[in-house]
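A note on names: the letters A, B, ... follow the listed sequences, proteins ahead of strands, and every chain is numbered from 1.
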Number of protein chains: 2
Amino acid sequence: MGYGNVSERLKQPPQVGVSVVILALDPDSEHGRLWLPLVRRVRQPFLGCWALPGGDIRADRTLAQSAYEALESTTDLHPSYLEQLHAFGGPDRSHGGLPMVSIVYWALVGQAEAGDFAEADNVRWFPEDELASLDIAFDHREIIAYALDRLRTRIEYPDIAAKLVGPTFTLRQLHGVYEAITGTVLDLPNFRRKMLGSGELEETGDVLREGRHRPAAVYRYVPRKDAPAHPYAYAISGSRLAELDARVRAIAQRDTADAERGADDLSALTTE
Amino acid sequence: MGYGNVSERLKQPPQVGVSVVILALDPDSEHGRLWLPLVRRVRQPFLGCWALPGGDIRADRTLAQSAYEALESTTDLHPSYLEQLHAFGGPDRSHGGLPMVSIVYWALVGQAEAGDFAEADNVRWFPEDELASLDIAFDHREIIAYALDRLRTRIEYPDIAAKLVGPTFTLRQLHGVYEAITGTVLDLPNFRRKMLGSGELEETGDVLREGRHRPAAVYRYVPRKDAPAHPYAYAISGSRLAELDARVRAIAQRDTADAERGADDLSALTTE
DNA sequence: TCAAAAGTGTTCAGGATACACCCATGT
DNA sequence: ACATGGGTGTATCCTGAACACTTTTGA
């Protein structure tokens, strides 16, 4: 595996990997803040630091599938939304002189899905506002910042928020998500009109009782047929999720060894 | 260079390259349509087909710089705007079994800059609406479609249009660009108010006379300090362009041989 | 019956649209 | 003088923000 000296490595074809920024709502803090899982690096460089989950790219998968799979094998999460964020490269990423390119996806998981996940030693959820004091590997801090910025600015009514909050929700819950994400205060009456007016919310018929006051109607998100939103996004829902899961599992059985290397994003270039 | 059989190649790390979709206004058609340069492939696969200009990624350059450089070495164009579009990968791109990832940028050049370019045998400009009848390599047809869609939808007033039309322009010219890009009809009086109101247009003092009617005031585009637009975009202007040019030229002198391989995007994997 | 949240109505300001109109110029 | 495009004014519509208000529930 050893490459030659640094100037020789500059000529090498770059390594490529996928990484994923997974965002969810922190269920503990009641006023809704975002948090995300990071994995602890078990190799140099940045040994012991926290990094985005990631993995390799394989020729027989889509990039999005590779990202999805990397996520599964490292965190057991099944995101309901996955979209390519950006490809990162350049000289400052070339640790040890070998060029490194990461194709970064961002994912959203609902609170229910995030609950699935049993916290392991080397994977942990961090609230957004506690990242500052953390040792973060590579340029992953910037990448996370970029993902958060994207979430806040590219937020299109009401799909993104619906994916974060879970399959069903009251309008107040959805409202809370918006306020948490944008950091602004939104007039609740206007908010509900806007949401309902989008034609993408459907009443489930249920109501949620949670206090000595009028119960709230429960809605679900139903995407409209038009409005393609982001063409290369990868909204996983219902049958498509099942299909993808099956496919990923089949592959995983065949070569578990490969899949387990998921957490070692970028590690190949550092076995010096 | 030879790899083993197909199943062995599946395990190889993917090849990575940059490609660029360069968009400009066709000066011939007076009602303003878009066109773009493509390069003819001189190797298998898709020998003789037309492909996006592209090149390799080097560890000592930014991805954007790699794209810029690939563009220079293949087409002599100096785009005034360069932004990452998307990274493409996946099984359908694995010609010969070797995984291939392309990081695609899109670029805008003004009519003046497009004029610099002397048309060579293996590089030619094609109007947007003549692509259908063309033999296009790889999935570059889809990529072009995606870039055009992005141009049409992500158009933010008035920066993008200003970059297409050139350094100075009349409001009618700018108006024409908008209509050409969006394919819609825009009320001219309202358009001019909106543009002027944006505070990003500055009168040059010149006027353009071109008929037996009142001459039009000539404007230039002046970006405002706030409004960061796209964080990872790469707007090249003035001093930054010069600096980049110098750096690229210095590198090019040192290893011209490498730079000249720019047009052979993806070709490495096909030397069977 | 009262607190608390669900949900509705109404007003208002600012922006976008549509289009009528005047202004400057070359022939 | 008149045709042609440059440029301005203005009525109207629509959306979003602000906020007063009514309704429904549990205690």
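- Contact annotation: the side chain of A/E200 never approaches that of A/V222 to less than 4.5 Å [non-hydrogen atoms, C-beta and beyond].
- Remark: C1' of C/dA6 and CD of A/E203 are 12 Å apart, rounded to the nearest angstrom.
- If you take CZ of A/F191 and P of C/dG9, they are 19 Å apart, rounded to a whole angstrom.
- The structure places CZ of B/F126 at 8.0 Å from CD1 of B/I136, a figure rounded to the nearest 0.5 Å.
- The distance between atom CE of A/M195 and atom P of C/dT8, rounded to the nearest whole Å, is 16 Å.
- Taken residue by residue, residues 204-214 of chain B places heavy atoms nearer than 4.0 Å to DNA chain D at B/R212, B/H213, B/R214.
- Of the possible donor and acceptor atoms, none in the side chain of A/H140 sits under 3.5 Å from a partner among the backbone N and O of A/A51.
- Both A/A216 and A/D187 sit near DNA chain C, but only A/A216 has its closest nucleotide nearer the 5' end.
- In this structure, CG of B/N190 is placed 11 Å from P of C/dC19, rounded to the nearest angstrom.
- Taking both residues in full, the closest heavy atoms of B/E203 and B/A217 are given as OE2-CB, 3.9 Å, listed atom of the first, atom of the second, then distance.
- Under the 30°/60° scheme for interplanar angles, the aromatic rings of A/H78 and A/Y68 are found to be tilted.
- A/T204 places a side-chain N or O within 3.5 Å of a backbone atom of A/D206 that can act as its donor or acceptor partner.
- With sequence neighbours left out, the ring pair (Phe, Tyr, Trp, His ring centres under 6.0 Å) criterion links B/Y178 to B/Y157, B/F191.
- For B/K194 and C/dA18, the NZ to P distance is 12 Å, given to the nearest whole Å.
- Both B/P189 and A/P215 sit near DNA chain D, but only B/P189 has its closest nucleotide nearer the 5' end.
- One N or O donor and one acceptor, one from the side chain of A/R193 and one from the base of C/dG9, sit under 3.5 Å apart.
- In the 5' to 3' direction, nucleotides of DNA chain D lying under 4.0 Å from heavy atoms of chain B begin and end at D/dA3 to D/dT10.
- A heavy-atom distance below 4.5 Å is not found between the side chains of B/F88 and B/E142.
- In this structure, B/L186 atom CG and C/dA18 atom C1' are separated by 13 Å, rounded to whole Å.
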So A/E128 and A/R152, salt bridge (charged side-chain N to carboxylate O under 4.0 Å, His left out) or not? Walk me through it. CA-CA 13 Å; A/E128 171 201 358; A/R152 278 189 251 270; 2.7 Å; yes

